Amino acid sequence: MTDPHTATALYSVAEIRAIEQAALAGLPPYTLMQRAGAAAAAAARRLIPDSQAARILVLAGPGNNGGDALEAACDLSSGGLEVSVLLMAHEQQADDARRALQRAQACAIDWIGFPQLSAGSGTSAAPGWTLVLDGLFGIGLQRALAPEYRAVVAAVNALDCPILALDIASGLNADTGGIVSAPGKGQPGDPAVRATHTISFIGAKPGLHTCDGRDHSGQVQIADLAIDRQFFTAPRVILNTPSGFAASLHPRVQNSHKGSFGDVSIVGGAPGLAGAVILAARAAAHTGAGRVHAGFVDQPPAYDAMHPELMCRAAASLDFGRGAIALGPGLGESREAHDQLSRALHAQANLVLDADALNLLAAEPGLQQKLSTRQRLGAALLTPHPLEAARLLGIDTVAVQADRLHAARALAQRFQAIVILKGSGTVIARPDGFAAVNPTGNPALATAGSGDVLTGICAALLAQHWQPWEAALGAVWLHGAAADYLVEQGVGPIGLCAGELAPAVRQVFNRLIENRPGSRRNGN
């Protein structure tokens, strides 16, 4: 169903349209719709445990997405399944969709109205729906759903059965992952189908994996519709997987020592915020840094009682000429904090900037200039959450979240840095506009200190001589995968504490290296 080359590619709506148009030039009309319908029907069958008792509800909207749904309905009905269609269109506007409607009208399909949608969800007279196919709207939706569609979406979301979205969940923006809303700010009531599964046609889209997309897309599979590879352009956005940083996944040789794995200096620790530095430092140690220095702008503690191997120092005494430097966890915005940031920006070392380091940057153009013109020195990784990103861009968080890819790319270009825009479907962006969307992680990470842990992971990978882009990809993936591992073990998501992440990162990291392609443990 899916060419392996498209497995991690994420395409914008404009790119999908270009691929589709190029492919259609050499195909008879209606071909791609037939292929989409067949792929959707095959995906639906895989979700039906007992086809003999299955009752399938198909929602068909007024465009080509509705045509795809009608094709799937006809295929399923022709295969002997009980199919009901709620047609939400006075007329099918596109030629292919009209042809699909004509075909479906000749099939043994039960055409229902809105009142029967909820009635079919389970009564004494009829069993509930086994599966819903959402073909109301696809990737072309540009405006908020009209009231009649909102009512259908609300009713479908209340059903207790799997929901398979065709191409994308109706109401979701394929480029941004936000809920399509009226012009201006979205309203809390703006709805989208909450799918348990999505079959994405031609290629996957960024919006399936970031912002609201992760809550509304469920498990995503791709059907490339047998389009020839020559029509696919090189993607500008990818899904972050270990293949993206596999070149850095090396087992440790026996003949090594602590100096082989680099030094990390974590700088922060304003009064009352010392824990942030400790969290980042512990994460760096658990991710394999050879030596970790915890630098405090306030009075440093004598040592970390849980991890005495961490070297606690005054920030001003740290040597910024070696290893990797991370500034921001609990840094504060004092004169001392400003001075340490300025000193680090002049250092010939790789930097990770987070939290208050980003707030200081946002407040002072002079620091921004130093960052954006230090290309000849070490690389810089910025790890903002949406509010910090908004301060750096001079906008609000609503605008950042409205287009997370654009915001991350804008920051990366402005500061000539790699940007990690944290959130659901974290976005990693380079100054040249190339970006990745991360699929790991869960709501357990929505807790104080988890960002400090990510900062420590980034710094540790940089200290171990990972290329900066691969370090960013690897750190974000490991951070999320550690949270996923803990939830699988019954730790969270509610109540998971940031301090629990670092040991899980160590476990996931070692397992990833042991199971890498070509390893002896993996049998290759």
Side-chain angles (χ1 to χ4, degrees), residues 8-15 168 172-179 200 203-217 220 235-245 352-355 358 379-393 395-443 445-446 450-451 453-455 457-458 461 468-481 483-484:
T8 62
L10 301 177
Y11 294 102
S12 69
V13 171
E15 289 169 330
I168 194 164
L172 193 65
N173 185 300
D175 285 337
T176 70
I179 306 299
S200 186
K205 293 82 181 172
L208 297 171
H209 299 284
T210 193
C211 201
D212 295 306
R214 296 192 71 197
D215 288 311
H216 288 265
S217 302
V220 177
R236 297 291 293 157
V237 187
I238 61 170
L239 197 63
N240 184 25
T241 67
S243 64
F245 51 89
V352 184
L353 302 181
D354 183 33
L358 301 176
L381 272 62
L382 277 57
T383 64
H385 57 53
L387 178 57
E388 292 158 351
R391 290 169 180 156
L392 288 166
L393 290 170
I395 57 179
D396 60 25
T397 55
V398 172
V400 170
Q401 291 294 83
D403 196 337
R404 289 169 49 78
L405 267 169
H406 174 76
R409 284 167 159 162
L411 284 171
Q413 198 280 328
R414 178 178 297 186
F415 296 112
Q416 290 298 294
I418 294 169
V419 170
I420 296 170
L421 178 56
K422 295 178 287 196
S424 180
T426 290
V427 177
I428 310 103
R430 296 192 316 221
D432 64 1
F434 193 81
V437 179
N438 190 62
T440 63
N442 58 69
L445 294 173
S450 67
V453 173
L454 176 61
T455 295
I457 300 170
C458 289
L461 296 182
W469 175 246
E470 293 190 3
L473 296 179
V476 174
W477 190 92
L478 286 168
H479 185 244
D484 292 338

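Computed from heavy atoms alone, side chains included, the values below leave out hydrogens, waters and symmetry copies. What you see is a predicted model, and the numbers here were worked out from it, not measured in a lab.
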Could you tell me the separation between the [atom1] atom of [X] and the [atom2] atom of [Y], rounded to the nearest 0.5 Å?
| X | Y | atom1 | atom2 | answer |
| --- | --- | --- | --- | --- |
| Asp432 | Gln416 | CG | CD | 9.5 Å |
| Thr455 | His479 | OG1 | NE2 | 8.5 Å |
| Leu172 | His216 | CG | NE2 | 7.0 Å |
| Thr8 | Leu10 | OG1 | CG | 7.5 Å |
| Leu382 | Cys458 | CG | SG | 10.5 Å |
| Asn173 | Ile168 | CG | CD1 | 7.0 Å |

For [X] and [Y], work out which heavy atoms get closest and say how close.
| X | Y | result |
| --- | --- | --- |
| Leu358 | Glu388 | CD1-OE1, 3.8 Å |
| Ala389 | Leu411 | CB-CD1, 3.7 Å |
| Leu473 | Ala436 | CD2-CB, 3.7 Å |

[Y] backbone acceptor or donor facing [X] side chain under 3.5 Å:
| X | Y | result |
| --- | --- | --- |
| Arg404 | Leu421 | yes |
| Thr176 | Asp403 | no |
| Thr383 | Val419 | no |
| Ser217 | Arg214 | no |

Please indicate whether His385 has more than 12 foreign heavy atoms, meaning atoms of other residues, nucleotides or ligands, lying under 6.0 Å from its NE2.
-> yes

Identify, with sequence neighbours excluded, every residue that meets side-chain hydrogen bond (donor to acceptor under 3.5 Å, both in side chains) alongside Arg391.
-> Asn359

Under the side-chain hydrogen bond (donor to acceptor under 3.5 Å, both in side chains) test, which residues partner Asn438, sequence neighbours left out?
-> Asn240, Thr440

